[in-house]
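Each ligand, and each atom within it, is numbered from 1 in the order the structure gives. Numbers here simply count residues along the sequence, with the first being 1.
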Amino acid sequence: MPEVTLRRDHSTDLPLHRQVLGACPHDCPDTCSLLTTVVDGKAIKVQGNPHHPQTDGVLCTKVARYTERTYHPERLLQPLKRTGPKGSGQFAPVSWDSAIADICHRLKTIIADPAQGPQAVLPYSYAGTMGWVQSEGMAARFFNRIGASLLDYTICASAGGAGLAHTLGANVGMAVEQFAQAKLIVIWGSNPITSSVHFWRYAQEAKRKGARLVCIDPRKSETAEKCHNHIALLPGTDAALALALMHELIVHDWLDQDYLDHYTVGWEALRARALQWPPARAAQVCGISVQEIEALARDYGQTCRDGQPAAIRLNYGMQRSRGAANAVRAVLCLPALTGAWRHAAGGVLLSSSGARSFNKTVLQHPQLRQPGPVRTINMSTIGDDLLRPASAQFGPAISALFVYNSNPVAVAPDSSKVVQGFAREDLFTVVLEHFQTDTADYADYILPATTQLEHWDIHTTYGHTDLLLNEPAIAPLGQSRSNAAIFRALARGMGYAESCFEEEDLAMCQSALQGRLDFAALARDGFVALQRADAPFAQGNFPTPSGRCELWSERLASEGLDGLPDYLPNYEAAGSTPAHPLAMISPPARNFMNSSFVNVNSLRGMEGEPLIEIHPDDARARQLSDGALVRVFNDRGQYHCIAKVSDRARPGVVIGLGVWWRKLGRRGTNVNELTHQKLTDLGRAPTFYDCAVQVEVVPDT
Ligand SMILES: Nc1nc2c(c(=O)[nH]1)N[C@H]1C(S)=C(S)[C@@H](COP(=O)(O)OP(=O)(O)OC[C@H]3O[C@@H](n4cnc5c(=O)[nH]c(N)nc54)[C@H](O)[C@@H]3O)O[C@H]1N2
Ligand SMILES: Nc1nc2c(c(=O)[nH]1)N[C@H]1C(S)=C(S)[C@@H](COP(=O)(O)OP(=O)(O)OC[C@H]3O[C@@H](n4cnc5c(=O)[nH]c(N)nc54)[C@H](O)[C@@H]3O)O[C@H]1N2
Ligand code: SF4
Ligand SMILES: [Mo]
């Protein structure tokens with residue numbers, strides 16, 4: 001066993017000169033292995049681990065600047081207590097002891113009050129860090145012990161997850177490295193040059209070997225312009241396109257009937273549905289040409305018919321509209337029609353997180369919860385839910401909120417409601433953070449958290465299947481503590497005596513593995529590659545109830561839902577409301593990670609300032625020139641930013657790259673001032689990209 005086991009959590013006796021292996025904590029499918037150089041106790045450089053095949057020595061621009069973020073002059077280094085009105089951002093430093101004592105006193109009062117009780121307490125967290133220990137590790141124990149409301153983690157991937165569950169059976173798919181061997185790659189609803197650069201490296205390798213690359217995206221993204229073909233469909237119309245592709249595969253007999261017969265369920269029913277979608281119908285819905293559909297069907301159908309691997313990288317772009325899960329289901333059906341799964345380099349990948357046999361729930365101790373009903377609050381409707389009064393149906397109003405690993409005031413939909421909720425004077429809010437974010441401005445207490453360079457963690461991923469260990473490179477800065485350490489202190493303050501509240505971060509990493517992996521090897525290499533089969537679905541074996549690819553889902557049908565995938569129009573389709581004729585999508589900016597890194601000057605400098613991309617035709621119709629200050633608005637709110645007149649946008653669709661901090665934008669709002677809280681067909685997810693707006697020039701004042 002190497003020396004790691006001898007070190008205590010938060011030790012300050014780390015060697016001063018060394019290189020330390022870690023894991024990127026961000027919500028990115030690549031989950032890179034990090035190599036941090038430490039000199040005199042200070043991290044001077046964060047690089048990609050050259051020995052980790054998935055990382056291959058390369059990081060994205062953001063994380064290559066992780067030291068700039070870690071040593072940022074505005075890093076929170078001591079606990080802060082609110083001194084001004086809610087949201088004013090006025091705080092004064094307090095000691096840890098007094099912060100913990102006061103928070104626990106407030107919590108005990110709420111829990112003991114029959115009108116409030118434990119379920120008036122709500123944790124709110126997401127993927128600021130994906131680590132098992134610092135996300136729902138000690139925090140989950142703490143909230144289970146309280147008996148707090150549960151959070152439904154829907155803000156990103158649950159619609160796609162539902163689509164996967166009802167078609168392939170779980171979050172499974174092709175191995176990402178296999179894309180390098182494909183002959184045709186369809187990148188569908190994803191901009192990997194921005195959001196998954198390591199996948200893009202595999203795609204480029206395939207391209208160099210002669211593969212054809214097609215991108216399906218309303219925006220001419222950085223990725224789209226590097227593909228052979230770009231299909232700029234209207235947002236939320238992917239299911240119509242997929243059904244028309246099936247139509248073409250059927251009429252040209254580019255099917256693998258043997259695969260359909262042996263490894264799928266519901267082919268006859270899906271066939272009948274798809275035959276209702278001739279390309280002309282889909283072309284109209286998608287706002288594209290019949291020829292584009294026919295050409296893609298031919299590329300896909302003939303590649304498979306010729307026995308060559310055709311691979312689809314499906315991602316989250318299509319999952320943020322009303323018909324999200326149906327669209328995902330429709331696309332997931334395609335490789336079963338053509339038998340693309342027979343190849344290791346064929347099939348589809350959305351998320352690989354279900355391929356692993358390790359699960360972070362082992363750290364969460366659900367048995368700490370008293371038996372009985374517990375309510376679940378959907379994180380995507382936090383705006384409405386914070387404003388809901390107590391009722392028999394809802395239960396107690398939310399009166400205490402603990403936010404960690406998330407910045408909901410910036411990232412949750414329908415910000416004006418979210419802000420109104422956070423501004424409630426009777427809401428007691430604690431925010432664990434690195435920085436004074438838009439959300440932290442509304443806290444009663446801000447507790448300074450460590451970054452990935454300062455704490456232990458275990459990471460799995462949804463893009464590949466390796467498991468990584470993050471070893472702290474430096475001691476916690478200032479008085480910051482890891483999330484786990486903060487929840488341990490809170491548990492002590494509450495008087496919780498269970499021994500699980502004593503477990504240190506490193507010990508939690510070890511417990512998580514349950515003795516099933518060699519921890520010493522993991523500590524030495526920084527990662528362990530989990531074994532998986534080549535071409536796992538060449539002969540069915542899907543993790544569905546039937547073991548087959550479920551083109552028709554009995555589970556959905558038994559719930560009274562459509563068992564087949566279908567096209568469901570957007571709530572707010574382009575052109576459907578005359579007052580707000582433009583569809584707005586708000587995908588990630590290249591140099592930010594959701595709302596993280598927006599305050600890192602060098603990265604913000606690269607993004608410039610908040611903007612909306614608009615097609616020259618739509619700009620002309622509004623007498624709007626490049627660089628004009630515009631007001632983007634609908635009935636929910638308005639967002640001021642600069643117009644970038646660009647053919648990255650297609651006519652009828654504007655793009656507000658996200659997610660800026662409200663307070664760093666013009667006039668204090670961001671794109672989520674315009675989005676709404678309506679949910680997807682399945683998966684209870686938000687519909688950020690299903691949003692109608694109008695754009696107008698702001699006259700000079
Ligand atoms: N640099 C950077 N990387 C990130 C993030 C970030 O903020 N910045 N965020 C991370 C997170 S949390 C996530 S979930 C992933 C997301 O990563 P991906 O799911 O790969 O998606 P994006 O890169 O956001 O690209 C989505 C693309 O879908 C397009 N799109 C929008 N609506 C539709 C539609 O209806 N249909 C189709 N076909 N396309 C559509 C958008 O224009 C955009 O180009 O990225 C992660 N990586
Ligand atoms: N309009 C629009 N809105 C969107 C999206 C979109 O595409 N368009 N994307 C959505 C998606 S896909 C997602 S995943 C969500 C993401 O939303 P969030 O998960 O909220 O992600 P971030 O905005 O990165 O905020 C994470 C916060 O966690 C903090 N943090 C990081 N590590 C730690 C830690 O160890 N401890 C503590 N205490 N804090 C830490 C960071 O400082 C940061 O402020 O946003 C969603 N919102
Ligand atoms: S954000 Fe993604 S690409 Fe960048 S370092 Fe992290 S895992 Fe790698
Ligand atoms: Mo996400």
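Ligand 2 lies nowhere less than 4.0 angstrom from a heavy atom belonging to N670. For the ligand labelled ligand 2, residue H455 lies inside the 4.0 Å heavy-atom shell. The closest approach between a heavy atom of P25 and any atom of ligand 2 is not below 4.0 Å.
In this structure, the ring of F633 has its center no less than 6.0 angstrom from the ring center of H640.
Which parts of ligand 3 touch H198 is read off a 4.0 Å heavy-atom cut-off, strictly below it: atoms 3 (S), 8 (Fe).
When the options V411, N405, L657 are ranked by their closest heavy atom to atom 28 (O) of ligand 2, first place goes to N405. Remark: among candidates Y124, Y689, F688, the nearest residue to atom 4 (C) of ligand 2 is F688, based on non-hydrogen atoms. For atom 43 (C) of ligand 2, the choice among Q134, H434, E433 with the nearest heavy atom turns out to be E433. Closest heavy-atom approach to atom 22 (P) of ligand 2 within the set P448, A484, S195, S595: this belongs to S595. With distances taken over non-hydrogen atoms, the option nearest atom 6 (C) of ligand 2 out of S586, P588, P686, S415 is S586. When T451, N483, V409 are checked for heavy-atom proximity to atom 36 (N) of ligand 2, N483 turns out nearest.
The pair R75-E454 meets the salt-bridge criterion, with a side-chain N (NZ, NE, NH1 or NH2) lying under 4.0 Å from an Asp/Glu carboxylate O. Salt-bridge check for E572 with R322: failed, with every basic side-chain N at 4.0 Å or more from each acidic carboxylate O.
Contacts between S406 and ligand 2, counted as non-hydrogen atom pairs separated by less than 4.0 Å, involve both the backbone and the side chain. Contact annotation for R69 and ligand 2: only side-chain heavy atoms (C-beta onward) come within less than 4.0 Å of the ligand. The side chain of R320, and not its backbone, has at least one atom closer than 4.0 Å to an atom of ligand 2 (non-hydrogen atoms only; side chain from C-beta on).
The aromatic rings of F143 and F402 sit perpendicular, their planes meeting at an angle over 60°, well past the 30° parallel limit. The aromatic rings of Y445 and F428 sit perpendicular, their planes meeting at an angle over 60°, well past the 30° parallel limit.
Of the residues W188, F199, Y202, the one that meets the side chain to side chain contact (heavy atoms under 4.5 Å, CB included) test with R313 is F199.
Distances shorter than 2.8 Å separate atom 6 (Fe) of ligand 3 from the protein N/O/S atoms C24 SG.
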